[in-house]
There are 2 protein chains.
Amino acid sequence: MRKKPVQQRSQQMVDALIEAAGQVIAERGLEHFTTVQVAERANVSVGSLYQYFANKDALLAALVDRLNREMGEMVSRIAPSLLQADPQTLVRGLLHAAFDFLGGREGLYMELLRNWYRLDIQRSLHRFEQQMLEITRAYALTHVADLRLDHGPAKGFVIINSVVFTLLRYLSLPNRALFDRDRLVEELTTMVAGYLSAGRPRNPRSKAATVTRAKPGTGRSKRNPVRI
Amino acid sequence: MRKKPVQQRSQQMVDALIEAAGQVIAERGLEHFTTVQVAERANVSVGSLYQYFANKDALLAALVDRLNREMGEMVSRIAPSLLQADPQTLVRGLLHAAFDFLGGREGLYMELLRNWYRLDIQRSLHRFEQQMLEITRAYALTHVADLRLDHGPAKGFVIINSVVFTLLRYLSLPNRALFDRDRLVEELTTMVAGYLSAGRPRNPRSKAATVTRAKPGTGRSKRNPVRI
DNA sequence: CTCTATTGCGAACGTTTATTCGCATTCAAT
DNA sequence: ATTGAATGCGAATAAACGTTCGCAATAGAG
């Protein structure tokens, strides 16, 4: 931030600018997000904008920061109520919450998430993963038997990204007639809950027909020992 | 295409332009993909570019078309060799193929996939899903017992998007030290193979503690009957 | 009230880029 | 060889946008 707002009016203006930035992005998309638009929307001049934000990116960063905080609070709010449930219910509850969250704010979260690789949403995603890991850990204290807890970082990564991006793509779908939201949540719940409670193949028969390596399309060399 | 190339030299030029477009995008990213750059790279003038492509988007569309075809051929090429394997091996083989494919072309596929929502990659993704469903169907003819085949469109959607975007995000990771590629493939294999061969909860105990709905963060109303 | 630091303004500037247009060059049919 | 169509060129045009700068309005201390 180029200058610190000391008087009250300027502080309000900074808030209004961040808010307006969110509105513009939600309505017009990140591509058409311009400083002039934001200034107009906030009933502020462009010059004033640049008095408090070094440039466009700084404004965007401030917005992302604010939303990041919101997300953290959301997770902390709903997590405790789910710790008593069984794994399936926990996963389903988190999924519904994620659905509601991503769809909120007039699609602002979605638009930002679509552009995850340009923004430092990388950090947000990572933080989100961490939060989920904490929930998992807290959950483990009450349901030790149900889950295998030797999760390396890979499992969390797989789950978070599978869920978030699948939801994102579903919400971006022009035609949602093929299957509805609840169906999707159920499918994801099945997949994730199964994955969580199963570190190894479940079907007794497939245990016998062990790891017969397939020839990959493009030949590759040294591969790690298969730790399942 | 604004004008059809009838002579041989112009046909070559069109090809060169599409090829150059891919190179520019792979090297500079879609953001810095400009018509002048493409023309220079193809040793062609900008004016000539606009003689065969109505605008920048048309050029991009032509590129996507070409890559879409490539992808289809890739899948058709590797699919037959996997039909004999067990589900785990099938999934693992497809995953490795997807990994190799996405990483190819100097990151061109990745850069395009990152921008999936701006391009009509929607169509490509959908086509990819269809292909996967065909493979699954073909696979079912030989391994009837191992899989539940009442897959609605939702299951395919979940799998495709989970896998593709998780791979995409992994490949976009600045620091890949946390876990390596093979580890990721194994995790995804576990998850997907488990999901495919299990339509309902596997743990006998969790069958008893049935669908105790969690209160979602934001209250929502009529929900569909839970078809698992 | 007076004075100064803070705040606010928005036209103007410079850069970047897509797209066009008038003219030159090449092809291929006669 | 001639000629008309096809092809190729790249400076010029125009629109969009981020950012600056000089000046006006305002707040709050003394």
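In what follows, every chain begins at residue 1, and chains take the letters A, B, ... in the order their sequences are listed.
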Whole-Å distance separating the CG atom of B:Leu49 from the P atom of D:dT7
15 Å

In whole angstroms, how far is the C1' atom of D:dG8 from the CZ atom of B:Phe53?
15 Å

Applying a 4.0 Å non-hydrogen cut-off, can you work out what B:Phe33 is touching in the nucleic acid: base, sugar-phosphate, or nothing?
sugar-phosphate

Does any non-hydrogen side-chain atom of A:Asp15 lie less than 4.5 Å from one of A:Gln12?
no

Going by the side-chain contact (heavy atoms from CB on, under 4.5 Å) test, name the single residue among A:Val46, A:Leu59, A:Asn55 that passes it with A:Thr35.
A:Val46

Using whole Å, what does the distance between atom C1' of nucleotide C:dT7 and atom CD of A:Gln12 come to?
13 Å

When you match B:Gln8 and B:Thr35 each to their closest nucleotide on DNA chain C, which lands nearer the 5' end?
B:Thr35

Detail all sub-3.5 Å separations between protein N/O atoms and N/O atoms belonging to nucleotides 8-10 of chain C.
{"from": "C:dG8", "atom 1": "OP2", "to": "A:Tyr52", "atom 2": "OH", "distance (Å)": "3.4"}
{"from": "C:dG8", "atom 1": "N7", "to": "A:Gln51", "atom 2": "OE1", "distance (Å)": "3.2"}
{"from": "C:dC9", "atom 1": "OP2", "to": "A:Ser45", "atom 2": "N", "distance (Å)": "2.9"}
{"from": "C:dC9", "atom 1": "OP2", "to": "A:Ser48", "atom 2": "OG", "distance (Å)": "3.1"}
{"from": "C:dG10", "atom 1": "N7", "to": "A:Ser45", "atom 2": "OG", "distance (Å)": "2.7"}
{"from": "C:dG10", "atom 1": "N7", "to": "A:Gly47", "atom 2": "N", "distance (Å)": "3.3"}

Parallel, tilted or perpendicular: rings of A:Phe165 and B:Phe165 (30°, 60°):
parallel

Whole angstroms only, please: what is the NE2-C1' distance between B:His32 and C:dT17?
13 Å

Do A:Arg181 and A:Asp100 sit within salt-bridge range, that is, some charged N less than 4.0 Å from a carboxylate O?
yes

Check the distance between D:dA11's P and B:Tyr50's OH and give it to me in whole angstrom.
16 Å

A:Trp116 side chain near B:Ser172 side chain, heavy-atom distance below 4.5 Å:
yes

To the nearest angstrom, how far is B:Leu17 atom CG from D:dC9 atom P?
10 Å

Between B:Glu111 and B:Arg114, does any side-chain N to carboxylate O distance fall below 4.0 Å?
yes

Want to settle it: does A:Arg2 or A:Gln7 sit nearer the 5' end of DNA chain D, counting the closest nucleotide to each?
A:Arg2

Interatomic distance, B:Lys3 NZ vs D:dA5 P [rounded to whole Å]:
12 Å

Send over the distance from A:Lys56 NZ to C:dT15 P, rounded to a whole Å.
18 Å

Row check, B:Tyr170 ring normal vs B:Arg176 NZ/CZ: under 6.0 Å, within 45°:
yes

